[in-house]
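Here the structure comes first, spelled out in structure tokens, and everything after it is commentary.
Here is how names work: the chains are called A, B, and so on, in the same order as the sequence lines, proteins then strands, and each is numbered from 1.
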There are 2 protein chains.
Amino acid sequence: MQLSRAAYVILGMVRLGRRTGYEIKSLVDVSTRFFWAASYGQIYPELKRLEEAGLLEGEDDPESGRRRRSHRLTAAGERALHDWLTSSEPLEHELRDEGLLKFFFADALEPDERAALLRRMREQYEGLRQRLLEIQPGAQAARDERGGEEFAYLTLEWGISHAGFMADWCARMERRVKEGD
Amino acid sequence: MQLSRAAYVILGMVRLGRRTGYEIKSLVDVSTRFFWAASYGQIYPELKRLEEAGLLEGEDDPESGRRRRSHRLTAAGERALHDWLTSSEPLEHELRDEGLLKFFFADALEPDERAALLRRMREQYEGLRQRLLEIQPGAQAARDERGGEEFAYLTLEWGISHAGFMADWCARMERRVKEGD
DNA sequence: TATAGCATGTAATTAGTTACATGATTAA
DNA sequence: TTAATCATGTAACTAATTACATGCTATA
């Protein structure tokens with residue numbers, strides 16, 4: 001049974017204690033979405049499929065009047081997640097960065113336009129870095145409170161240093177296109 | 001008139017002297033595809049649309065028996081490309097990295113499995129770096145021969161140092177998960 | 001003479017986002 | 001009481017890949 005990547009996102013999130021589609025999406029939006037996005041349009045149908053496949057067990061959990069379906073991993077679900085995590089298939093990797101694409105074509109620009117492009121790119125990466133730094137305290141708390149969110153926290157650190165790498169590269173190029181002026 | 005990103009890839013590639021769909025795809029495959037991919041299924045229909053919109057001018061160019069359509073930018077095409085390059089719209093940015101996604105869920109793994117994941121990630125980034133280093137001599141030659149491929153070359157340098165950054169990060173994490181063992 | 005490369009194109013599929021509808025609960 | 005948040009779900013759309021069909025030319 002070949003599962004989609006979205007399915008593994010869900011299995012992993014349920015393993016981290018996110019029981020509902022809503023909770024899964026909320027965590028995705030402040031974590032994996034920087035390297036693997038997922039929308040409601042994927043999450044809810046996939047939750048249903050995973051239940052039907054016996055990898056998740058769902059339970060209606062009224063908690064009052066509000067409708068709410070709570071999920072947990074079955075043994076088969078745990079196994080499917082682990083098999084994917086340890087599989088030796090090539091790891092998918094894909095980047096779309098419009099800034100780099102424009103930079104690739106920057107021979108068509110004037111020196112000041114090149115500098116402006118790099119400044120915008122740098123500002124966007126610095127903005128991303130700021131947003132991640134704002135997420136950090138909450139992530140740190142979650143790591144300390146909950147068991148087993150150590151690696152979630154480490155990917156946040158990756159995000160911060162990666163955004164820093166990109167911003168630095170932009171700054172370096174900015175200086176370079178200005179002196180070549 | 002709102003153009004797709006693929007349209008700008010094509011306009012930019014034609015500006016760099018790639019006249020046919022085939023030539024465009026060939027350059028994409030060793031350059032932008034590392035930060036912006038494009039397939040034949042996008043390129044040929046888009047070339048036709050850009051001609052119909054008057055941004056490209058196409059000419060059948062038999063060159064013998066083989067069918068071949070040669071394109072060049074019109075003034076409107078040049079303008080559309082320039083407008084996009086200098087536009088202040090937010091720059092799209094999207095990453096999908098299965099290695100990072102697995103790392104995010106690595107609390108579910110044993111210490112040796114974590115190290116194995118990071119080793120595979122590092123090997124993949126080192127492999128990418130090698131492939132880019134192999135492309136480099138050709139890109140350097142193109143930069144020196146042709147006018148106006150300076151920035152194409154600089155994005156290759158970005159790719160090499162970026163792959164290096166990722167490989168180094170993996171190596172650092174590999175050491176870290178081993179000592180926490 | 002056969003294989004690799006040049007060259008164009010599209011049909012079918014898959015993946016994914018967007019936008020909306022619905023309604024309960026909690027905090028200001 | 002009103003806005004924000006919790007919560008589920010899907011229909012319509014858009015984007016993009018894959019896989020194929022076709023056929024010429026140059027080279028080993």
Legend entry - Gap between atoms CD and P, on A:Glu59 and D:dA7 respectively (whole Å): 15 Å
Legend entry - Test of ring centre spacing under 6.0 Å for A:His162 and A:Phe34: no
Inset, instruction - Provide, to the nearest angstrom, the distance between the CG atom belonging to A:Asp61 and the C1' atom belonging to C:dT25. - result: 14 Å
Legend entry - Minimal non-hydrogen separation, A:Arg19 against A:Ser70, with atom names: CD-OG, 3.0 Å
Inset, instruction - Please list, chain by chain and in numerical order, all residues satisfying salt bridge (Lys or Arg N to Asp or Glu O under 4.0 Å) with A:Arg72, sequence neighbours excluded. - result: A:Glu57
Legend entry - Protein-nucleotide distance (B:Arg68, atom CZ; C:dG9, atom C1'), rounded to Å: 16 Å
Inset, instruction - Could you tell me the separation between the CD1 atom of B:Ile43 and the C1' atom of C:dT10, rounded to a whole number of Å? - result: 14 Å
Inset, instruction - Please check if the side chain of A:Arg96 supplies one atom and the backbone of B:Trp36 the other of a donor-acceptor pair under 3.5 Å. - result: no
Legend entry - ring-ring contact (aromatic ring centres under 6.0 Å, His included): pairs with one or both residues in residues 40-61 of chain B, sequence neighbours excluded: B:Tyr40-B:Tyr44
Legend entry - Backbone N/O of A:Leu91 and side chain of B:Gln124: donor-acceptor pair under 3.5 Å: yes
Legend entry - Other residues, nucleotides, ligands: >12 heavy atoms within 6.0 Å of A:Arg18 CZ: yes
Inset, instruction - Starting at atom CG of A:Asp60, determine the distance to atom P of D:dA7, rounded to an integer number of angstrom. - result: 13 Å
Legend entry - Under 4.0 Å protein heavy-atom contact, by nucleotide of nucleotides 10-28 of chain D - B base, S sugar-phosphate only: B-----SBB-----BS---
Legend entry - Set of side-chain hydrogen bond (donor to acceptor under 3.5 Å, both in side chains) partners for A:Arg15, sequence neighbours left out: A:Glu78
Inset, instruction - Let me know the distance between CD of A:Glu46 and P of C:dG16, rounded to the nearest Å. - result: 10 Å
Legend entry - Residues touching DNA chain D, which here means a heavy atom under 4.0 Å, drawn from residues 14-28 of chain A: A:Thr20, A:Gly21, A:Tyr22
Legend entry - Spacing between A:Arg33 atom CZ and C:dT18 atom P, to the nearest angstrom: 11 Å
Legend entry - Centroid-centroid distance, A:Phe103 to B:Phe151, less than 6.0 Å: yes
Inset, instruction - Determine the interplanar angle of the B:Tyr8 and B:Trp84 rings, folded into 0 to 90°, and report it as parallel if under 30°, tilted if 30 to 60°, perpendicular if over 60°. - result: parallel
Legend entry - Nearest heavy atoms of A:Ala108 and B:Leu85, plus distance in Å: CB-CD1, 3.9 Å
Inset, instruction - Rounded to 10°, tell me the angle between the two end axes of the helix from C:dT1-D:dA28 to C:dA28-D:dT1, each built from five pairs. - result: 30°
